[in-house]
Amino acid sequence: MDYEAVMKLALERGFYFPSCEVYADAQAGFWEYGPSGVSLKNKFLELWRRELVRRDGMLEIDGAQIMSKSVFEASGHLSNFADPIIKCTKCNSTFRADRVIADVAQIEIPESADLDEFDNAISQNNIKCPKCKGDFEKTKKFNMMFRVGIGPEGEEAYLRPETCQSIFVDFPRLYKTMRGRLPLGIAQVGKSFRNEISPRQSLLRLREFYQAEIEIFCNPSRLDEVEKFAEIQDTIIRVQTDSEPVAMTCKEAVESGTVPNKLVAYYLGILTEFYEKTGIDISKSRFRKLGDKEKAFYAKVAFDFEVETTIGWLELVACNYRSDYDLSGHARTSKEKFDVMDNDEKVLPHIFEISMGIDRSLYAILEHSLKDDKEHERIVLSLKPYLSPIHVGILSLVKKDGLKEKTDEIFLNIKRKFDAFLDHSGAIGRRYRRLDEVGAPFAITVDHQTLEDNTVTIRERDSMKQTRINISEIDSILSESVAFP
RNA sequence: GCGGAGUUAGUUUAGUCUGGUAUAACGUCAGCUUCCCAAGCUGAAGGCCACGGGUUCAAAUCCCGCACUCCGCACCA
């Protein structure tokens, strides 16, 4: 289904909706998760922990969202995470200074250059507004980080623009106290903040958003010594270096040089296996190798994991080989030691990161799972059972003759163990439809026969098939059916 | 940030040109119908029309501003 249909479902069924919507001064780029959205997100993260964090024996931390100025001096965000912008005095159009100068005068000025350089280039080449030929104001820096003032003096600090900086600065302590050995993965789920110029499309471009980031600390001279590689060497990944994605095994990807080494291929492999289990259609995905101009300022090699949706290819994960950019930066600025012993060799670890956008991933899962079942006149959210906000609906066929009481009793017995939803009101077909829309994989219905022989019907969402089971079997059947794979 | 379109109930929407405090469907809730796939019947709740200002006896409707949403441009780890 398309973006509009997902949006409608999100608003009607409590997945997500605009923040502060009752106030007129609500700002763009901020969205809330409702009950269904939170449940889906929690389950998605549980799957992420199982398939990546636990599978690879990573350490998970939970860092502060506000970090000191020094962190971002060391990380380069204060100088690099900003665009030089120029504004036309006549028509108020805003442009990126480096782009206009490159287009008009063919002069390449790096975006991190001093502001004077841009102003000089503009006056020397007599560059005017491309739209109205007006004059430009002086070049300004627009930094995408949110600045905050700490305490009564308003000491300078920033909301983190990516969660991984806490992982980098915590690395020395974690390595020492958690008995670290290279390669070591450290993971974190949390919020990041970026002052986007134009947030768009609900969860797809937010100013406050969730990331699940994994930083792999590794010895750069041993990137092909990866024992675990055997686990995924036959896993098929889709890699795009030119115009079309090409499906290949991880082994072939390394041997052909498409992916630079076994370590990177291993993580692309387990990431693909993870996304397969979210229900996203992997045949509509690709790892797109980024060109030099597209890469982030810290990345040596970068693959974006992208998924095809009705609004185009959507970047869900950035996989960047950051080399020693981060640790050497923090070592230099903090004067702390970030190098460690690996066997008998002292190394400053390199970093490969898997930076996942959670909100976008959830959107992609919803879009790929939402089906219009025209034959039965229903909208079905065919989520994997272990990701469904509601595991099971517990329904009474009718309220009277003691069916309500019997239904309540069943609900009481399972509600702590499963996400169960009790519903007595309205026509039974309507209640099934409602459960279909929030993606509940099962519905259990108590009818008159239940009172005679303690059996209930269990209906399966996608096939609409019903089977009669004993009440005593409910727990084991559900446990098995909604378990994580 | 620029240009265009839009904003009326939970959702989709009529009404805006031709000013007189608002329409419908679906959804929701309660009840009836001994009822297993959005059935039927009865009833109810829900909006002062994004927000702020102006014109007018009177504004959802006209004017100005502003915010947000969508589409393009630009931007985007």
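What you see is a predicted model, and the numbers here were worked out from it, not measured in a lab. Per chain, numbering begins at 1; letters A, B, ... match sequence-line order.
- A/Asp423 places a side-chain N or O within donor-acceptor distance of the main-chain N or O of A/Ser425, the cut-off being under 3.5 Å.
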Can you tabulate the close N/O pairs, meaning under 3.5 Å, that link protein atoms to atoms of nucleotides 50-52 of chain B?
none

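- With a 6.0 Å radius and a threshold of 12 heavy atoms from other residues, nucleotides or ligands, A/Lys415 has its NZ atom at or below the threshold.
- For the pair A/Leu204 CG and B/A77 C1', the interatomic distance rounds to 16 Å; values are reported in whole Å.
- At a cut-off of 3.5 angstrom, counting only N and O atoms as typed in the model, there is no donor on one side facing an acceptor on the other between the side-chain of A/Glu353 and the base of B/A77.
- For A/Ile379, whose side chain is taken as the heavy atoms from C-beta onward, the closest listed nucleotide among B/A38, B/C37, B/U11 is B/A38.
- Among the nucleotides B/U69, B/A38, B/G27, the one closest to the side chain of A/Arg433 is B/A38.
- A tilted orientation is assigned to the rings of A/Phe305 and A/Phe287, their planes being inclined by 30° to 60°.
- Nucleotide B/U61 forms no Watson-Crick or G-U wobble pair with any nucleotide shown, as no partner meets the under 3.5 Å limit on both distances.
- Between the side chains of A/Ser192 and A/Gln211, a donor-acceptor pair is found at a separation under 3.5 Å.
- Looking at heavy-atom distances under 4.0 Å, A/Thr457 makes contact with a base.
- Aromatic ring pairs are classed by plane angle as parallel below 30°, tilted from 30° to 60° and perpendicular above 60°; the pair A/Phe217 and A/Phe171 is parallel.
- When the side-chain nitrogen and oxygen atoms of A/Gln466 are compared with OP1 and OP2 of B/C37, none of them lie within a distance under 4.0 Å.
- Rounded to a whole Å, the NZ atom of A/Lys8 is 13 Å from the P atom of B/C26.
- Here the P atom of nucleotide B/A77 and the CG atom of A/Asn143 are 13 Å apart, to the nearest Å.
- Spacing between B/G47 and B/G54 at atom P, rounded to whole Å, works out to 26 Å.
- For the P atoms, the distance linking B/U13 with B/G6 amounts to 13 Å, nearest Å.
- Using a 4.0 Å heavy-atom cutoff across all strands shown, A/Tyr3 reaches sugar-phosphate atoms only and no base atom.
- Rounded to whole Å, the separation between the C1' atoms of B/A59 and B/A22 comes to 13 Å.
- Side-chain N/O atoms of A/Gln240 and A/Arg286 include a donor and acceptor closer than 3.5 Å.
- Across all strands shown, B/C66 forms no Watson-Crick or G-U wobble pair with both key distances under 3.5 Å.
- The base-pairing partner of B/U18, taking Watson-Crick or G-U wobble contacts with both distances under 3.5 Å, does not exist among the strands shown.
- B/U13 makes up no base pair with any nucleotide shown, lacking Watson-Crick or G-U wobble contacts both under 3.5 Å.
- Taking every side-chain heavy atom of A/Ala28 into account, B/U69 is the closest of B/C29, B/U69, B/A77.
- B/U61 and B/U56 are spaced 16 Å apart, taking the P atom of each and rounding to whole Å.
- Counting any heavy atom pair closer than 4.0 Å across all strands shown, A/Arg431 reaches no nucleic acid atom.
- Nucleotides B/U69 and B/A50, compared at atom C1', are 11 Å apart to the nearest Å.
- Side-chain atoms of A/Arg461 come within 3.5 Å of backbone N or O of A/Gly439 as a donor-acceptor pair.
- Atoms CE (A/Met7) and C1' (B/C68) sit 12 Å apart, rounded to a whole Å.
- Residue-level contact check: A/Pro161 touches the bases, meaning some heavy atom is under 4.0 Å from a base atom.
- Toward the 5' end of RNA chain B, the nearer of the two residues A/Glu196 and A/Gly29, judged by each one's closest nucleotide, is A/Gly29.
- Rounded to the nearest Å, the gap between the P atom of B/A58 and that of B/G53 is 15 Å.
- Counting heavy-atom neighbours within 6.0 Å of A/Gln449 CD, excluding the residue itself, gives a total above 12.
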Could you write out each protein N or O paired with an N or O of nucleotides 5-8 of chain B at a distance under 3.5 Å?
none

Each nucleotide N or O in nucleotides 31-35 of chain B that has a protein N or O under 3.5 Å away: list the pair and distance.
from  : atom 1 : to       : atom 2 : distance (Å)
B/G31 : OP2    : A/Lys399 : NZ     : 3.2

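- Ring planes of A/Tyr363 and A/Tyr3: tilted class, angle from 30 to 60°.
- When each of A/Asp447, A/Asp453, A/Thr457 is tested with A/Arg468 by the rule side chain to side chain donor-acceptor pair (under 3.5 Å), just one qualifies, namely A/Asp447.
- For A/Gln27, the listed nucleotide lying nearest its side chain is B/A67; candidates were B/C37, B/C75, B/A67.
- Phosphate proximity of B/C71 to A/Gln201: present, with a side-chain N or O under 4.0 Å from OP1 or OP2.
- Pair assignment for B/A77: none, as no Watson-Crick or G-U wobble contacts are both less than 3.5 Å.
- Base pairing of B/A45: no nucleotide in any strand meets the Watson-Crick or G-U wobble criterion (both distances under 3.5 Å).
- The gap from the C1' atom of B/A38 to that of B/G27 amounts to 10 Å, rounded to the nearest Å.
- As the counterpart of B/C32, B/G40 is assigned, both hydrogen-bonding distances of the Watson-Crick or G-U wobble pattern falling under 3.5 Å.
- Distance OH (A/Tyr432) to C1' (B/A39): 15 Å, rounded to an integer number of Å.
- B/C36 and B/U7 have their P atoms separated by 44 Å, with the value rounded to a whole Å.
- Using cut-offs of 30° and 60° for the angle between ring planes, the A/Phe44 and A/Tyr275 rings count as tilted.
- For A/Asp372 and B/A38, the CG to C1' distance is 13 Å, given to the nearest whole Å.
- When distances run from any side-chain atom of A/Glu12 to the nucleotides B/U11, B/C37, B/A38, the shortest one goes to B/U11.
- Look at CZ on A/Arg288: it is 12 Å from C1' on B/A77, rounded to the nearest Å.
- Within the 4.0 angstrom heavy-atom criterion, no nucleotide atom of any strand lies near A/Asp436.
- Ion pairing between a basic and an acidic side chain is recognised when a charged N comes within 4.0 Å of a carboxylate O; A/Arg434 and A/Glu437 show no such pairing.
- Base pairing annotation: B/A50 forms no Watson-Crick or G-U wobble pair, as no partner gives both donor-acceptor distances under 3.5 Å.
- In terms of modelled atom types and a separation under 3.5 Å, the side chain of A/Thr310 and the main chain of A/Asp2 share no donor-acceptor contact.
- When heavy atoms are screened at a 4.0 angstrom cut-off, A/Ser355 is found touching no nucleic acid atom at all.
- The CD-C1' distance, from A/Glu4 to B/U12, rounds to 11 Å in whole Å.
- Looking at A/Leu314, A/Leu366, A/Val307, A/Leu316 one by one, the single match for side chain to side chain contact (heavy atoms under 4.5 Å, CB included) with A/Ser361 turns out to be A/Leu316.
- Under the 6.0 Å cut-off for aromatic ring centres, A/Phe30 and A/Phe193 do not qualify, their centroids lying 6.0 Å or more apart.
- A donor-acceptor pair is defined here as one N or O able to donate and one able to accept, closer than 3.5 Å; such a pair exists between the side chain of A/Arg431 and the backbone of A/Ser396.
- At a cut-off of 3.5 angstrom, the base of B/C37 holds no donor-acceptor pair with the side chain of A/Arg430.
- At the heavy-atom level, A/Gln449 lies nowhere under 4.0 Å from the strands shown.
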